[in-house]
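Report on one structure; see the data block that follows.
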Amino acid sequence: MSSTFPYLGFGLGLRPSHFEDVLNGPVSADWFEVISENFMVAGGKPKYYLDAIAERYPIVMHGVSMSIGSQDPLDFDYLKALKTLANQVQPQWISDHLCWTGVHGINSHDLLPLPYDEHTIAHVAERISQVQDFLGRQILMENVSSYLSYQADGMSEWEFVNEVARRADCKLLFDINNIYVSSRNHGFDAIDYLNGIDSQRVQQFHLAGHSDYGDYVIDTHDQDICDDVLELYRAAHLRFGPISTMIERDGNIPDFASLNAELDKVKHIATTTKQQRVG
């Protein structure tokens with residue numbers, strides 16, 4: 001089910017406080033990412049704004065509740081609602097997370113990490129394949145930040161992510177901030193992670209801020225992108241080339257002009273890095 005996805009440029013996460021700003025401009029973003037679950041309803045004001053914005057800008061859908069790693073059966077009611085929204089919005093692509101979010105039908109509302117072992121690879125890859133067959137499209141899966149590891153781990157996170165993507169024949173949403181957060185929490189080299197991933201699988205980059213407590217780091221999406229993450233983005237751009245890139249902000253959300261300015265900073269890094277690649 002391999003697909004060819006377009007390069008979209010530089011985007012922002014679409015948040016309700018910025019609906020009017022997006023429609024009235026000015027806008028630095030080339031495209032917008034929406035949280036799928038926020039719009040999986042029949043109508044209402046959020047859906048009205050999404051329809052209006054989708055007429056002007058490319059949209060991608062990003063989910064947080066697929067729970068692809070759970071032992072619970074796949075939730076086909078959820079997938080039907082997701083497919084209905086996709087048919088309405090016609091997104092450039094759909095993504096979710098390589099994680100589990102609950103058990104016995106209870107949603108933890110957190111992105112919980114998986115054991116990195118052969119059994120989990122087989123389980124997750126099969127479920128991704130089922131989802132892709134149901135949706136009739138290739139999807140993207142995102143690496144998550146983590147704060148613990150499992151005794152069952154038999155490989156690095158990047159070996160796990162790479163093998164899941166290969167077996168499921170899915171694409172990857174590469175979250176640069178999550179790699180940084182996990183590298184700090186677990187003591188691995190983030191560059192090893194970049195170098196260990198098949199460049200043909202990476203379709204999108206996420207950038208975001210986090211909360212740094214010294215001994216550990218938490219992925220909170222409520223701060224500006226720090227310099228270390230921007231430098232890791234520069235390294236990722238050198239490794240993978242131009243990849244559709246967007247900024248996530250879910251807390252302490254600034255005014256739209258400030259987000260535009262931060263996105264312009266990301267564009268500048270990509271432009272100078274491209275010149276370095278060419279040179």
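Throughout, numbering of the chain's residues begins at 1 and tracks the sequence. Just so it is clear, the structure is predicted and the values come from calculations on it, not from any experiment. Atoms considered below: every heavy atom in the structure, side chains included; atoms not considered: hydrogens, waters and symmetry mates.
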Partner of Met66 under side-chain contact (heavy atoms from CB on, under 4.5 Å), picked from Thr101, Leu98, Ile128, Leu79, is Leu79
Mind checking whether [X] and [Y] have side chains closer than 4.5 Å, heavy atoms only?
X: Met141; Y: Ile139; result: yes
X: Arg239; Y: Val202; result: no
X: Pro6; Y: Trp31; result: no
X: Tyr78; Y: Glu37; result: yes
X: Met246; Y: Val266; result: no
X: Phe240; Y: Ile197; result: yes
X: Pro113; Y: Leu148; result: yes

Stepwise, does the side chain to side chain contact (heavy atoms under 4.5 Å, CB included) test hold for Met61 with Leu85?
CA-CA 9 Å; Met61 288 168 44; Leu85 179 63; 3.7 Å; yes
Main-chain N/O of Ile191 paired to Asp189 side chain as donor or acceptor, under 3.5 Å:
yes
Heavy-atom count around Phe5 CZ within 6.0 Å, excluding the residue itself: above 12?
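Buried by this count: over 12 neighbours within 6.0 Å.
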I'd like to know whether CG of Asp215 has more than 12 heavy-atom contacts from other residues, nucleotides or ligands below 6.0 angstrom.
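No, because the 6.0 Å sphere around CG of Asp215 holds 12 heavy atoms or fewer from other groups.
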Taking atom types as modelled, find out whether Glu248 and Asn177 have a side-chain donor-acceptor pair closer than 3.5 angstrom.
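Per modelled atom types, Glu248 and Asn177 side chains form no pair under 3.5 Å.
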Just by distance, with hydrogens left out, do Glu159 and Tyr116 show a side-chain donor and acceptor under 3.5 Å apart?
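Not at all, the side chains of Glu159 and Tyr116 share no donor-acceptor pair under 3.5 Å.
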Kindly determine whether Glu20 and Phe256 satisfy side chain to side chain contact (heavy atoms under 4.5 Å, CB included), including the steps that lead there.
CA-CA 10 Å; Glu20 289 288 346; Phe256 195 57; over 6 Å; no
May I ask you to say whether Lys265 pairs ionically with Glu262, meaning some side-chain N is under 4.0 Å from a carboxylate O?
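A salt bridge is absent here (no side-chain N lies under 4.0 Å from a carboxylate O).
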Would you call Arg184 and Asp212 a salt bridge, using N to O less than 4.0 angstrom?
yes
Just to verify, which of His221, His62, His97 counts as forming a ring-ring contact (aromatic ring centres under 6.0 Å, His included) with His206?
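So the option named by the test is His62.
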Not counting sequence neighbours, which residues clear salt bridge (charged side-chain N to carboxylate O under 4.0 Å, His left out) with Arg127? List them please.
none
Would you check, one step at a time, whether the test side chain to side chain contact (heavy atoms under 4.5 Å, CB included) holds for Tyr233 with Thr273?
CA-CA 10 Å; Tyr233 170 62; Thr273 306; over 6 Å; no
With under 30° as parallel and over 60° as perpendicular, where do the rings of [X] and [Y] fit, or are they tilted in between?
X: Phe39; Y: Phe19; result: tilted
X: His186; Y: Phe188; result: parallel
X: Tyr216; Y: Tyr213; result: parallel

Taking it one step at a time, do Leu194 and Phe174 satisfy side chain to side chain contact (heavy atoms under 4.5 Å, CB included)?
CA-CA 9 Å; Leu194 297 185; Phe174 218 38; 3.5 Å; yes
Grab the two heavy atoms, one from Tyr57 and one from Asp30, that are nearest each other, plus how far apart they are.
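Smallest heavy-atom distance, with atoms named: CD2-O, 3.9 Å.
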Distance in Å, Ile179 CD1 paired with Asp192 CG, rounded so as to fall on 0.5 Å steps
11.5 Å
